[in-house]
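The model shown is predicted, which means the values in this text are computed figures rather than measured ones. Because only heavy atoms are used, hydrogens play no part in the values below, and waters and symmetry mates are left out as well, while side chains stay in.
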Amino acid sequence: MSLYNIFDIAGSGMSAQTTRLNLVASNMANADTVSSSTGETYRARQPVFSAVLQNEISNNQQSAAKGVRVAGVIESQAPLRHEYAPQHPMANEEGYIFKPNVNIVDEMANMMSASQSYKNNVEMLNTAKQLLQQTLKIGQ
Amino acid sequence: MATTIDSLFGVHEQALTYRSKRAEVLASNMANADTPGYKARDFDFKSVLNKLNTPAARVNQTHNKHMGFDKTPAAVSLAYRIPSSASLDGNTVDAKIEQAQYAENAMDYQTSLRFVNGKISSYLSALRGE
């Protein structure tokens, strides 16, 4: 029954979007984390989504994807912000502090997109549930 | 009036299968709305309909091990949706279009269910002689 598969698909979508929201939260929380070297500085993290294809499970070319998964998490390669602040306790010998390359505006937009996608998946799941319930009541 | 119990539900039996399969495809599109490079897929309704109606697909099975043509909607290959606007990451899912299609598909599913229910209740009342 294909309608049951929607629970898995929507579930995978919700799980992937949750990971994305988690990473956004982590990026936002660390937006002002200061460190004294480039190596220690927090870098903005983004999930990479990839479709789970049906032919990975069975060898059926004609079927659609069976959901989504987080293939990995990448760190942003954008340059870090460095400031000259010799009074700062974390300043290095040259008087510089390093701040993460988190773009708050990007993260906010990312968060809105993720929560919207999450909601879409929930709605889809609810509709599938209603259809299944009506199907079970057939002939009554 | 259908003469045999096999044709009791008419096209709605196949319609329900098709609608539930299509719901699954649309659900995967929606789940992959943010996947880079994912291409939105959908059934081509015309080819599904042709597949169901083509008399050429009828074969004589003279032996019980003969294979018949698979007339289920899944045997019709999936097509790719033509995107209305290109996106940089190669994703062709438009969440709003998928949402609308999903809603339409759910309505059609319910319509077929209603027809099936109507058939069952009319048969029941005929059997009871009400």
Side-chain angles (χ1 to χ4, degrees), chain A residues 1-17 19-21 46-54 60-71 74 110 113-114 116-140, chain B residues 8-9 12 16-43 70 72-81 89 91 93 95-96 98-99 102-103 105-121 123-124:
Chain A
M1 190 71 189
S2 320
L3 283 176
Y4 281 110
N5 295 338
I6 294 181
F7 289 102
D8 295 340
I9 296 168
S12 76
M14 279 151 70
S15 148
Q17 298 299 341
T19 310
R20 190 172 164 202
L21 275 175
Q46 303 293 346
V48 180
F49 290 165
S50 93
V52 180
L53 296 174
Q54 168 78 20
N60 191 348
Q61 295 284 323
Q62 290 175 336
S63 289
K66 299 294 274 180
V68 63
R69 63 159 177 239
V70 179
I74 53 159
N110 220 340
S113 165
Q116 197 61 50
S117 299
Y118 188 92
K119 278 183 208 163
N120 284 345
N121 280 303
V122 173
E123 285 301 318
M124 209 160 60
L125 204 145
N126 275 332
T127 309
K129 195 179 112 194
Q130 276 174 16
L131 291 181
L132 272 173
Q133 279 173 340
Q134 286 170 1
T135 314
L136 287 172
K137 277 191 223 143
I138 249 182
Q140 279 179 14
Chain B
L8 177 61
F9 301 129
H12 297 295
L16 285 176
T17 320
Y18 165 67
R19 293 289 165 202
S20 58
K21 287 237 188 305
R22 182 157 184 244
E24 190 190 341
V25 173
L26 295 176
S28 5
N29 285 348
M30 195 78 101
N32 283 294
D34 299 310
T35 307
Y38 180 84
K39 310 289 179 214
R41 307 192 75 176
D42 201 351
F43 285 112
D70 191 2
T72 55
V76 179
S77 57
L78 284 167
Y80 292 95
R81 206 186 286 295
D89 62 357
N91 185 304
V93 180
K96 296 297 157 203
E98 299 302 329
Q99 218 165 9
Y102 191 83
N105 190 58
M107 284 305 296
D108 291 343
Y109 187 89
Q110 281 167 308
T111 312
S112 284
L113 268 187
R114 188 66 69 87
F115 275 108
V116 167
N117 265 327
K119 264 280 190 306
I120 291 174
S121 54
Y123 265 79
L124 278 179

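For the options A:A10, A:G139, A:G13, heavy-atom pairs under 4.5 Å to chain B are most numerous at A:G139. Considering only heavy-atom pairs separated by less than 4.5 Å from chain B, the leading option among A:T127, A:N120, A:N121, A:L131 is A:L131. If you tally non-hydrogen atom pairs under 4.5 Å between each of B:I120, B:L16, B:N32 and chain A, the highest count goes to B:N32.
Residue pairs meeting the salt bridge (Lys or Arg N to Asp or Glu O under 4.0 Å) criterion with at least one partner in residues 2-13 of chain A, sequence neighbours excluded, are absent.
B:T35 contributes no side-chain N or O that, together with a main-chain N or O of A:S50, makes up a donor-acceptor pair within less than 3.5 Å.
Only the side chain of B:A95 has a heavy atom closer than 4.5 Å to any heavy atom of chain A. Looking at A:Q17, only its side chain comes within 4.5 Å of chain B, counting heavy atoms on both sides. Using a 4.5 Å cut-off between heavy atoms, A:A71 makes no contact with chain B at all.
Under the 4.0 Å criterion applied to side-chain N and carboxylate O atoms, A:R20 and B:D34 are assigned as salt-bridge partners.
Side-chain N/O atoms of B:Y38 and B:N29 include a donor and acceptor closer than 3.5 Å.
Not counting sequence neighbours, the partners of B:F115 by the ring-ring contact (aromatic ring centres under 6.0 Å, His included) test are B:H12.
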